[in-house]
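First the structure, in the form of structure tokens, and then the observations on it.
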Amino acid sequence: MTTTVRRRRIEVLVDKPLMSTVEKHAELAGIEHYTIFAAHSGRGHTGRWSDDQLTGALAKRMFLAVSNEETSDRFIEALTPFLDSHGLVLFVSNVEVVRGERY
Amino acid sequence: MTTTVRRRRIEVLVDKPLMSTVEKHAELAGIEHYTIFAAHSGRGHTGRWSDDQLTGALAKRMFLAVSNEETSDRFIEALTPFLDSHGLVLFVSNVEVVRGERY
Amino acid sequence: MTTTVRRRRIEVLVDKPLMSTVEKHAELAGIEHYTIFAAHSGRGHTGRWSDDQLTGALAKRMFLAVSNEETSDRFIEALTPFLDSHGLVLFVSNVEVVRGERY
Amino acid sequence: MDAAISTLLSPVILFFILGGLAGFARSDLAIPESIAKGMSLYLMAAIGLKGGVQVAEAGFSLGIVAALAAGLALGFILPLIAYPALRWFGRLDGVNAGAVAAHYGSVSVVTFVTGVEVLTVGDLAPAGYMVAVLALMETPAILVGLFLANRSGAAIGNGEGKGGALWREVLLNGSVVLLVGSFLIGIIAGKDGFTPIAPMFETAFRGVLCLFLLDMGLVAARRLTQSRALTVRLSVLAIALPILNGTIGALVGILIGLDVGSASALAILAASASYIAVPAAMRMALPRADAGLYLALSLGITFPFNITVGIPLYTALASWFAGVIA
Amino acid sequence: MDAAISTLLSPVILFFILGGLAGFARSDLAIPESIAKGMSLYLMAAIGLKGGVQVAEAGFSLGIVAALAAGLALGFILPLIAYPALRWFGRLDGVNAGAVAAHYGSVSVVTFVTGVEVLTVGDLAPAGYMVAVLALMETPAILVGLFLANRSGAAIGNGEGKGGALWREVLLNGSVVLLVGSFLIGIIAGKDGFTPIAPMFETAFRGVLCLFLLDMGLVAARRLTQSRALTVRLSVLAIALPILNGTIGALVGILIGLDVGSASALAILAASASYIAVPAAMRMALPRADAGLYLALSLGITFPFNITVGIPLYTALASWFAGVIA
Amino acid sequence: MDAAISTLLSPVILFFILGGLAGFARSDLAIPESIAKGMSLYLMAAIGLKGGVQVAEAGFSLGIVAALAAGLALGFILPLIAYPALRWFGRLDGVNAGAVAAHYGSVSVVTFVTGVEVLTVGDLAPAGYMVAVLALMETPAILVGLFLANRSGAAIGNGEGKGGALWREVLLNGSVVLLVGSFLIGIIAGKDGFTPIAPMFETAFRGVLCLFLLDMGLVAARRLTQSRALTVRLSVLAIALPILNGTIGALVGILIGLDVGSASALAILAASASYIAVPAAMRMALPRADAGLYLALSLGITFPFNITVGIPLYTALASWFAGVIA
Ligand SMILES: Nc1ncnc2c1ncn2[C@@H]1O[C@H](COP(=O)(O)O)[C@@H](O)[C@H]1O
Ligand SMILES: Nc1ncnc2c1ncn2[C@@H]1O[C@H](COP(=O)(O)O)[C@@H](O)[C@H]1O
Ligand SMILES: Nc1ncnc2c1ncn2[C@@H]1O[C@H](COP(=O)(O)O)[C@@H](O)[C@H]1O
Ligand code: NA
Ligand code: NA
Ligand code: NA
């Protein structure tokens, strides 16, 4: 059987215009590889929203990175001050990966 | 280190025209915040599909919400009758969040 | 309460032109149902990328399947030789599902 | 015969064939979904506007009422014919038979649009009000199909979906709203109001139709190859039903006194199978029905048949009936 | 009055109304986002090009300088009027009041484009350089709005976003770059260079505007129904502010010696509220402001008001001021 | 010289420069991907149709055979020249050198389209059959590039991708299918069949090209700034290779007896580097090659060079060779 090791999966929901803040702190914390997904719509404290490419103000993205515990802790620490001011939604969970040395 | 608490991550794959059922039950169960993603394509018991915006009949969405155990149980319970009739695919897993009181 | 059982959630980040390899091995390993999402952008060892539909060469997809341990192990085993050559990124984690016999 | 061949050799149809061939050969040629959707909306707005302007020019006539009534009647009756054929000859269960029957009772905007193009080239341009008939025929079959599926015991989505959302989907379906709305705008604006926007909605029309049919060819081929539930019996029905419905439509059109062009248009409407309004409604109301199946039948078989063979056939039938009756 | 009614009955406005009705009825009619964005970019390129070509034809004039200066001044002053109204009458906190004020001080390209269409039909075509005024008026209000929001104590994004990204967003905003760029291309290319591309940018213009306004109607209705924070007081302001700003704009335009058409265009610019450049900048600089709210006000109320009632109103005001002063 | 400057000042090229400047300044101006893809498909269909109609008018000639043979030969030979240059001067490994060589041996549809526009304005319109040469030149270089990369020891995707999927990608690539298909439709439809769809495919052509090149400017700037592997040596090659290939193409064109316009078109094809068919095939067959690198070279450097400097240069070369030889 292929051996796997445990790593941390970090996901951050963030407004499109504020993504650069998340990316900057990811890179500072040592997260070099990440993937971004576009959200379609949702509901939050100001009601229903859906991405209209026209104004761009309501678009949301999902930032996804898998990394080791240390790096992920550093990243979470760095983002914590922005959770409220930037309305970030951050989840962390465990995943197993093959070739653990890459993460 | 930033303290995190355990919450439940609920994901539901659902046909686009049936999403309103999932949203209604989410709101009834007390899930006020959620995010929806568009799926691109896939394979199920009727074969390969891919979202063509033309007919709209084959589009699928992913509903994602993070909430506490109680709310998530209520939501799962409410959706269970629709799993078969609406072809829903529902997963639950654990995540850690900062600022646990918000979920 | 609705009873749930533990299953494996497998996610594979893969270049769009190489998706067919992943799908082929999924089907060979017995994964009959899966869903694919389009990634928006990201950062890897060759730098920043974002999906431009024009060349299509930089588009990435996320393959997602939930299945039982045995099938998922078989699939991971089959994909391992391609992790490096095809630049696949593969994560596995635990999820709970209702109607476990379907997965 | 000559007309049929010249139809097949017009760029509009050739692009459809190109798309179909590329799709079967599994070329990676693909038109972005949003572009296809945009072109589809454009075609609806254009056909609606032009129909409205024509009605504004021609004024009200009794033919309008007769055609609307005939269309409405066909919308209710055709699924009642299709359903038993699908159940007993096609061997479908009640839910799937009801869902497919709804598709064949309703109409395909693009089949109509292509038909109008072909008829216009052949000097048989149908009356402008046929656009209103098109809009009217979109929904009745949905109700009949759901009724038939329910009778067969399909609990519609556990009591869900029966509510407002479904009714909104049925009555305020995007294509119905856009067709009816543009038709009314055409009537209000009239020829003078239309002139400034004509370059967009008239001059560019055929070119857009070419590119749209290219995509439809690709989509039709994909639907056909991806479906798992398609049987020979069902494929036979996907050709027999449009021929039957088209014949009925042509006959009814001539009997109620429509000109040959308008009767042909009615036949094309009757023969066409929906692939926009009905699939969306069925997905909502009958989630257990196999979407891959009804799209394979309506988009994968009936649509190509109508575009290539059906349109000239129904036109010939309408001319023949007109000759016999006159 | 007649002019106002004929405006309301032109296809361009009728499509907007159709979209609004469909949106309120919650029809599933929807134009793909990317198509809407594409049409919006097209409209900007077209209006920029045409303005540039007109300036190349008409040559440089003192009117240009006066109009640019007036536009710039309005961009700085209008948010200073809107802010106290939003805080005290509208009962918004400082951050939201600053964000909304920025929208009303800036401009809406599509309101301008629709206004130019209506004015041109009424033989009051504004000068080509008004496009430059449009571009110039997009950003000053953003700076004033941010200043006001900050004074009220809103730590802008924790010190983040103040940096290069925000400035780039403000100064190199896509719509500003495209407008200014196309304007310059129009000046360089002149009438001769424009002729070969005119079929795309001139002939098709109104048709595209119809479809785009259909989408704007849908979007406006959605914004209005989805917002939670909309109050009666704010809704009143979303109509009072454009009337006030439009009156100021018309007056200033006539006072600095613009012809009635150009003064009307300046009034339309002053009255219009941004929904592209400003929302994006506010989301970045004031993430705590409620995006649903400012879009509901600018897109959901002010935009429809301007398109249907405002444009003829501001034109009438400009004509009246011109008469009084002459 | 004059011709070169007037080329640079045409709106088509100015929009490209605008896009490039906006991209370098990191403006948030962006054209939705699906719109860009749609315009790219439109341009292919239009150029294919027009080429086909011209061939239908002009009839078959020996020139066609000569041009096709020359194009095929260039497609096989040019990568064999590029590969050693990339390995030894550019210091790339075998896999990347093979992948990049394939790009330079293949062709860019938009460079060709822009070239035809420029040539037509300068009264040097190339023959319609050059579209067939364009289609024929898309794939041979892919085979040669893969052969070279493999010789250097790159196990292609672990034995995967060698199969049907890759061959389908290479031979049934969307752009090849659309070009060849539209070309054939143009031949079948002829001038009479083309007239009704000409407003879409001919009149609007240049306008669409403007907007598409705006996007290409943005994309080129992004490719250039995002790549990590770009070196000075490789950048030199990204300009030297098109000059060399263009010179060869112009010479070959004149030697086989093509008119100056067609020879210039062959030169432009030879000089251009693929950014649609080849990147997709390389991603599949050589997943370890750096996609950021080959796109930076072909889209970020060679494409802008050809659009602004290359096209007039190769045309001048072809004229000069024609004079020398005559
Ligand atoms: N618990 C959650 N689960 C999933 N998505 C969420 C959650 N909380 C917030 N979001 C998303 O983030 C957006 C902003 O959240 P809020 O700041 O709470 O309005 C919402 O509109 C949702 O799309
Ligand atoms: N185990 C699974 N993992 C991921 N996606 C699934 C799974 N089961 C079903 N799906 C998705 O849900 C769709 C409908 O599933 P089914 O009802 O099994 O045909 C499929 O086409 C997939 O896209
Ligand atoms: N650890 C990771 N977490 C999330 N996405 C990743 C990760 N590693 C790689 N990726 C994605 O996969 C792409 C290719 O990765 P690489 O092969 O490392 O260049 C990157 O551009 C990312 O989008
Ligand atoms: Na029918
Ligand atoms: Na304003
Ligand atoms: Na080349």
Side-chain angles (χ1 to χ4, degrees), chain D residues 32-46 48-50 52-53 164-205 207-208 276-277 280-281 283-284, chain E residues 5-43 46 114 116-118 120-122 198-215 217-218 221-222 225:
Chain D
E33 319 299 353
S34 53
I35 301 283
K37 172 88 179 180
M39 289 196 291
S40 153
L41 295 172
Y42 163 87
L43 293 174
M44 288 179 202
L49 275 172
K50 289 195 282 183
V53 171
L166 176 59
W167 275 104
R168 217 178 297 122
E169 181 65 39
V170 170
L171 295 178
L172 293 174
N173 183 281
S175 57
V176 175
V177 168
L178 185 53
L179 272 172
V180 173
S182 316
F183 184 72
L184 293 177
I185 293 177
I187 291 182
I188 298 174
K191 197 148 197 165
D192 290 350
F194 183 64
T195 308
I197 57 173
M200 174 79 176
F201 291 109
E202 203 160 55
T203 323
F205 190 76
V208 175
I276 298 185
R283 205 74 195 124
M284 187 175 272
Chain E
I5 284 169
S6 88
T7 299
L8 279 176
L9 295 185
S10 84
V12 171
I13 308 298
L14 288 174
F15 269 107
F16 178 71
I17 293 171
L18 174 61
L21 293 177
F24 277 117
R26 289 201 275 148
S27 160
D28 71 349
L29 179 60
I31 291 182
E33 319 300 352
S34 53
I35 300 284
K37 173 88 178 180
M39 290 195 291
S40 154
L41 295 171
Y42 162 86
L43 293 173
T114 311
V116 171
E117 276 300 299
V118 171
T120 307
V121 169
M200 175 76 175
F201 290 109
E202 203 160 56
T203 323
F205 189 75
R206 277 193 199 180
V208 175
L209 188 56
C210 284
L211 292 181
F212 186 71
L213 283 179
L214 174 69
D215 184 60
L218 288 161
R222 220 185 303 143
T225 51

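Sequence lines set the chain letters: A, B, ... in the order given, protein chains first and strands last, and positions in each chain run from 1.
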- Query: When only pairs under 4.5 Å are counted, which of Pro11(E), Ala30(E), Ala36(E) shares the most heavy-atom pairs with chain D?
  - Reply: Pro11(E)
- Task: Under 4.5 Å, counting heavy-atom pairs only, tell me which of Leu29(E), Leu21(E), Val121(E) racks up the most with chain D.
- Result: Leu29(E)
- Item | Partners meeting salt bridge (charged side-chain N to carboxylate O under 4.0 Å, His left out) with Glu117(E) (sequence neighbours left out) | Arg206(E)
- Message: Can you list everything that forms a salt bridge (charged side-chain N to carboxylate O under 4.0 Å, His left out) with Arg283(D)? Sequence neighbours excluded, please.
- Response: Asp15(B)
Tell me, side chain or backbone of [X] under 4.5 Å from chain D's heavy atoms, or both, or neither?
X	result
Ser34(E)	side chain
Val208(E)	both
Phe15(E)	both
Ile17(E)	neither
Ile31(E)	both
Leu14(E)	both

So, for [X] and [Y], which heavy atoms are closest and what is the spacing to 0.1 Å?
X	Y	answer
Pro196(D)	Pro199(D)	O-CD, 3.6 Å
Leu211(E)	Ala45(D)	CD2-CB, 4.1 Å
Phe194(D)	Lys50(D)	CZ-CG, 4.0 Å
Ala204(E)	Tyr42(E)	C-OH, 3.6 Å

- Do Val177(D) and Leu18(E) pass the side-chain contact (heavy atoms from CB on, under 4.5 Å) test, and can you show the C-alpha distance, the side-chain angles, and the key distance before you say yes or no? CA-CA 9 Å; Val177(D) 168; Leu18(E) 174 61; 4.2 Å; yes
- Item | Part of Thr203(D) lying under 4.5 Å from any heavy atom of chain E | neither
- Query: Given a strict heavy-atom distance threshold of 4.5 Å, which part of Ile35(D) is in contact with chain E: side chain, backbone, both, or neither?
  - Reply: both
